[in-house]
Amino acid sequence: MVLNAAQLCELLQGELIGDGGKKVYGPSQIDKGRPGTITFLANPKYEEYAYTTEADVIVVSKDFVPKELLRPAVIKVPDVYGAMMLLIDTFSKNGIPGPGISDTAILHNSIEVADDISIGHYAVIEAGVTVGKRTIIYPQVFVGHGCMIGEDVIIYPGVRLYPNTQVGNRCIIHANAVIGCDGFGYRPNAEGHYQKIGHVGFVLLEEDVEIGANTVIDRGTLNMTRIGKGTKIDNLVQVAHNVTIGEHTVIAAQAGIAGSATVGSFVKIGGQAGIAGHIKVENNIEIQAQSGVHTGKNKEGSRLFGSPAIDYTDYLKSYAVFKQLPEMIKRLEELERKSGSEKTADQ
Amino acid sequence: MVLNAAQLCELLQGELIGDGGKKVYGPSQIDKGRPGTITFLANPKYEEYAYTTEADVIVVSKDFVPKELLRPAVIKVPDVYGAMMLLIDTFSKNGIPGPGISDTAILHNSIEVADDISIGHYAVIEAGVTVGKRTIIYPQVFVGHGCMIGEDVIIYPGVRLYPNTQVGNRCIIHANAVIGCDGFGYRPNAEGHYQKIGHVGFVLLEEDVEIGANTVIDRGTLNMTRIGKGTKIDNLVQVAHNVTIGEHTVIAAQAGIAGSATVGSFVKIGGQAGIAGHIKVENNIEIQAQSGVHTGKNKEGSRLFGSPAIDYTDYLKSYAVFKQLPEMIKRLEELERKSGSEKTADQ
Amino acid sequence: MVLNAAQLCELLQGELIGDGGKKVYGPSQIDKGRPGTITFLANPKYEEYAYTTEADVIVVSKDFVPKELLRPAVIKVPDVYGAMMLLIDTFSKNGIPGPGISDTAILHNSIEVADDISIGHYAVIEAGVTVGKRTIIYPQVFVGHGCMIGEDVIIYPGVRLYPNTQVGNRCIIHANAVIGCDGFGYRPNAEGHYQKIGHVGFVLLEEDVEIGANTVIDRGTLNMTRIGKGTKIDNLVQVAHNVTIGEHTVIAAQAGIAGSATVGSFVKIGGQAGIAGHIKVENNIEIQAQSGVHTGKNKEGSRLFGSPAIDYTDYLKSYAVFKQLPEMIKRLEELERKSGSEKTADQ
């Protein structure tokens, strides 16, 4: 997407000073402005960069009076932050495909597709799938039979949806994520050889869920693995079979949730954290990165750290003493020497 | 797959009471039965749900005498658990493609393919590959030159097999897994710049191995990375170059095994656990989630926890005291005060 | 690739003894030599294997005098290690596609492609992309609009490049890696519902970077996520938005770097380690596997361990005492008993 300064000015409903023909392909930070970009002077403490930036267009407050000549074209607006958000939003839609179904996409003839959807090259959509209005399926996606995909959904290249996955309206699924594969369930026989347990459940993503790149969500064994509305999951996260996650929860990259765990709403899970199987994490709990939650006995609103995870502040206090342990054992030995005591253990 | 109650009754060799025409598309749990499903009363303590379930068919023991009227069609069988397993297995094969090679699959003319195999749309199979009987290769898979794939193998969409990967009979590889990529091997030159070490080995998956979605297994440098028969690996697991894993071992999601490590048979590795390079993990060892095994000096059958990992029970005992450390240092200070002792370290 | 003993001898500029017609498809270790391979006697302590190996060709030093008859064809060279490296390099290029653009690759007509490039089946290359000389794009890759790909780059099957990704010369990107997806950035509204922050930045891989399979690198919010030249990143690694990584740094599998962190040059990051957002990791720091670096206050050249990470040696010393904690608390109790002291906390 390329817009010139005049078009940008119209979009922002501002006042243009300078060359309206300057071409812009995206926004930039004021201290890192590059040619061909539009930048922003939102915070007065960055004013010095306004005079040196290489950006071709700059957005300033309508009240801003420059001390020196500004090289870029200038757009004056009442609300610089608002203008910045609008521009980022505009340019972030750059490259999003328009409606249309590629000749090379393979759609089973039983598929119901709404108007205005986009299906990219080499996508494969199996029997019995439904796809809602304005949904975008990028190239090279696989949608297994019986999947139900809502409206205004975006599915990036290489995503794999196993059969019967349900994707709510306005969900976003990033590249190479896998949704609905079999859970890790086996039954050892008498010799300890693992016999696979078939999985016939499915995954339900409610509305407004976002799934990161290369994340994996297993289907339920018999019923569903459910991700509640508004929940956001980062890249490379593992969600095992039969897990239930509430609403408006955030899960950072590389975290893992073991089978049949229940996670509440408004929970925050840090990167690389782990949650054990079959436990419950209450609403509003905050789990520090790399922690391992092994028990469901934590109260709503608590903050956890460590593996096994305990109260965040308690962990930090204990860890502060942990760092002094080599000195502490010397102090203990000194006391023992004074009291004539001997080591009692190991004897 | 849709079966009606009469067909299901025949499959289970049971006795049907009620409407044989009711349509079923899958099984459900008795406490979560949905219309269009078949459910099971296996455990008498769930009897109450039998009278309220929305499932359309219910399987009960031939000796079961209902206290109230059952709304669903009823199938009486001698062994409810056995019937349940048979039905899950039947429905879990739902959507698995039948034999046939898609017109859009690209197969090098040197490929030997057995009868009854299935190769999906936009799969790419390079020169010198062999594919055994009844194997299913889903759409969008890449099989590099010289790969040998056994019989009754299932390879899900988006899997990438680098050249010379060997896949044993009855293996299952889930979506977007990558098998056989180069190991992480470099030689720093005099300035500390890393020079890539070429990898000419391969990966061998023995029989009955299952590999989770988005898992990565590196090829050997010169020889092979080997996964023993019956071993099951979950999603997002890393297996580095030259690793050898024994038979009937299970590795949970997001665990990682560093280069040239050897893992025995019947080992259980928890989620997010790590195993250091070049060490040996003996048979029957159980490694707790998030643990880091740094040494090969652990005995067969031991159970490990912590990073670096120690005996499981010892770790828990130490961790119990860890939680008391802030109090413990106060008690030490109190003793020092009483004995007239001063801090000796840090002085 | 198949070469016979005579061809190999010519390649190594050695002296052949025995059957020049023996066919070789790859190298092998001397203690694991298989038929159809070439092996090496580089270290005299492995001499015994020279007499029993099943390899068909063996490379030995020109000064080597065998004590028994050697079954394989023999190639004598001045430098066995050098010969070994040359052969591994030769065979590791096995199966790499030659130049040419597949009929099934979809290229927007605005793409500039240099001579001698290779683009595989079912690759999709969007508008405005440039591809440098001798670059290889394997099948099923997706390259978003505006990406700039340098010379001598290798992009393996299933890689997804989001729009505007810049890939320097000689970079290697392994299968199913995702580069340039949106960062994990949201703004909670008054009810705590997360509103997505658009991402308009991009990812820059400088020259000679290698990216592992299934690794994910998020684009910058406004500017770039940058990976410095010569840096090597293993499989399943997460690099969040706005991160800057220096030159010649190595990052092992499953490590994660949170948003806006800065990592220096010549840093070594162990497997499953985590680096918190917005901090700086100085040059030459070495981070032990599974560690969690929470602060930027570590000096150049330091070595870190633990979560939160502290000095490596200090961590090990503290951990050594940690293991003795159950005994230590008994010793403390014994002292308290002797001094007539009582537990003062918890009362």
Side-chain angles (χ1 to χ4, degrees), chain A residues 25-29 32 85 87-89 91-95 102 104 120-122 138-140 156-158 172 174-176 208 210 212-214 230 232 234-236 248 250 252-254 266 271-272 289-290 306-307 316 319 322-326 328-329 332 335-336 339 341 343-346, chain C residues 104 106 122 124 126-127 140 142 144-146 158 160 162-164 176 178 181-182 184 186 188 191-194 196-200 214-216 218 221-223 236 238 240 254 256 258 272 274 276 290 292 307-308 310 314 317-318 320-322 324-325 327-328 330-332 334-335 338-339:
Chain A
Y25 66 85
S28 63
Q29 274 175 228
K32 291 168 186 166
M85 286 300 126
L87 281 174
I88 289 177
D89 206 52
F91 282 102
S92 72
K93 293 190 172 53
N94 202 356
S102 165
T104 65
H121 304 301
Y122 302 130
Y138 271 84
Q140 303 156 327
Y156 280 97
I172 299 171
H174 282 281
N176 287 352
D208 297 301
E210 186 160 355
N214 280 345
K232 311 298 183 187
D234 202 353
N235 306 322
L236 293 163
H248 310 295
V250 283
Q254 297 174 316
F266 299 101
Q272 301 180 332
Q290 295 190 324
S307 179
L316 285 186
Y319 199 77
F322 170 85
K323 293 189 248 181
Q324 306 171 43
L325 281 179
M328 202 169 146
I329 202 164
L332 184 66
L335 283 172
E336 286 172 339
S339 78
S341 165
K343 266 180 126 177
T344 53
D346 287 11
Chain C
T104 65
I106 293 179
Y122 302 130
V124 174
E126 295 198 328
Q140 303 156 329
F142 174 85
H145 84 280
R160 315 296 168 188
Y162 277 58
N164 300 319
N176 287 353
V178 176
C181 45
D182 294 347
F184 198 61
Y186 303 92
E191 302 104 275
H193 300 180
Y194 293 95
K196 184 172 175 66
I197 297 176
H199 276 68
V200 293
N214 280 345
T215 278
V216 180
D218 289 342
T221 312
L222 266 177
N223 285 279
L236 293 164
Q238 153 77 356
Q254 298 174 316
Q272 301 179 333
Q290 296 190 324
S307 179
I310 58 176
D314 288 346
K317 282 182 186 162
S318 280
V321 183
F322 170 84
Q324 306 170 42
L325 281 178
E327 179 219 319
M328 203 169 146
K330 280 186 203 145
R331 287 161 62 184
L332 184 65
E334 171 68 11
L335 282 173
K338 280 198 186 173
S339 78

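Naming convention: chains lettered A, B, ... in sequence-line order (proteins, then strands); numbering from 1 in each chain.
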| task | Could you give me the CA-CA distance, side-chain angles and deciding distance for C/Leu335 and A/Ser339, then say whether side chain to side chain contact (heavy atoms under 4.5 Å, CB included) is met? | result | CA-CA 8 Å; C/Leu335 282 173; A/Ser339 78; 3.3 Å; yes

Honestly, the part of A/Gln290 sitting under 4.5 Å from a heavy atom of chain C is side chain

For a 4.5 angstrom cut-off between non-hydrogen side-chain atoms, does C/Ile310 reach A/Lys323? yes

Applying a strict 4.5 Å limit to non-hydrogen atoms, the region of A/Ile88 in contact with chain C is both

Just do the side chain to side chain contact (heavy atoms under 4.5 Å, CB included) check on C/Arg160 and A/Tyr156 with the steps written out, would you?
CA-CA 9 Å; C/Arg160 315 296 168 188; A/Tyr156 280 97; over 6 Å; no

From the list A/Gly26, A/Pro27, A/Gly120, the residue making the most non-hydrogen contacts under 4.5 Å with chain C is A/Pro27

Turns out that what part of A/Phe322 lies under 4.5 Å from chain C's heavy atoms comes down to both

Show, in sequence, the C-alpha distance, side-chain angles and deciding distance for C/Asp218 and A/Asn235, and conclude whether the side-chain hydrogen bond (donor to acceptor under 3.5 Å, both in side chains) test is met. CA-CA 9 Å; C/Asp218 289 342; A/Asn235 306 322; 2.9 Å; yes

* Residue pair C/Val216 / A/Asn176, side-chain heavy-atom distance below 4.5 Å -> no

Note: A/Ala213 and C/Val178 closest approach over all heavy atoms is CB-CG1, 3.8 Å

Hits for side chain to side chain donor-acceptor pair (under 3.5 Å) against A/Asp234, two or more places apart or cross-chain, chain-then-number order -> none

Residues C/Gln254 and A/Gln254: closest non-hydrogen pair is O-NE2, 3.2 Å

The interface call for C/Ile197 against chain A, heavy-atom contacts under 4.5 Å, is neither

### Query
Hey, mind stepping through A/Ile329 and C/Arg331 against side chain to side chain contact (heavy atoms under 4.5 Å, CB included) and telling me if it holds?
CA-CA 10 Å; A/Ile329 202 164; C/Arg331 287 161 62 184; 4.3 Å; yes

Note: vs chain C, highest number of non-hydrogen pairs under 4.5 angstrom among A/Ile172, A/Asn214, A/Asp208 is A/Asn214

Turns out that what part of C/Pro308 lies under 4.5 Å from chain A's heavy atoms comes down to both

Of the listed A/Gly158, A/Gly230, A/Ala252, the one with the largest count of heavy-atom pairs under 4.5 Å with chain C is A/Gly158

What one should report as the nearest heavy-atom pair of A/Leu325 and C/Ser318 is CD1-O, 3.7 Å

So, the part of A/Met85 with a heavy atom under 4.5 Å from chain C: the answer is side chain

In this structure, NE2 of A/His174 is separated from CZ of C/Phe184 (nearest 0.5 Å) by 10.0 Å

Between the CD atom in A/Gln272 and the CD atom in C/Gln272, the distance rounded to the nearest 0.5 Å is 7.5 Å

Exercise. Go through the steps for A/Thr104 and C/Tyr122 under the test side chain to side chain contact (heavy atoms under 4.5 Å, CB included), then give the verdict.
Key: CA-CA 10 Å; A/Thr104 65; C/Tyr122 302 130; over 6 Å; no

Strictly distance-based, threshold 3.5 Å: is any side-chain N or O of A/Tyr138 a donor or acceptor partner for the main-chain N or O of C/Phe142? no

Bottom line for C/His199: the part with an atom under 4.5 Å from chain A's heavy atoms is backbone

- Query: Should the heavy atoms of other residues, nucleotides or ligands under 6.0 Å from NZ of C/Lys317 be counted, would the total exceed 12?
  - Reply: no

Output for pair (A/Gln29 CD, C/Leu222 CG), nearest 0.5 Å, gives 5.5 Å

Heavy atoms of C/Tyr194 and A/Lys232 approach each other most closely as O-CE, 3.7 Å

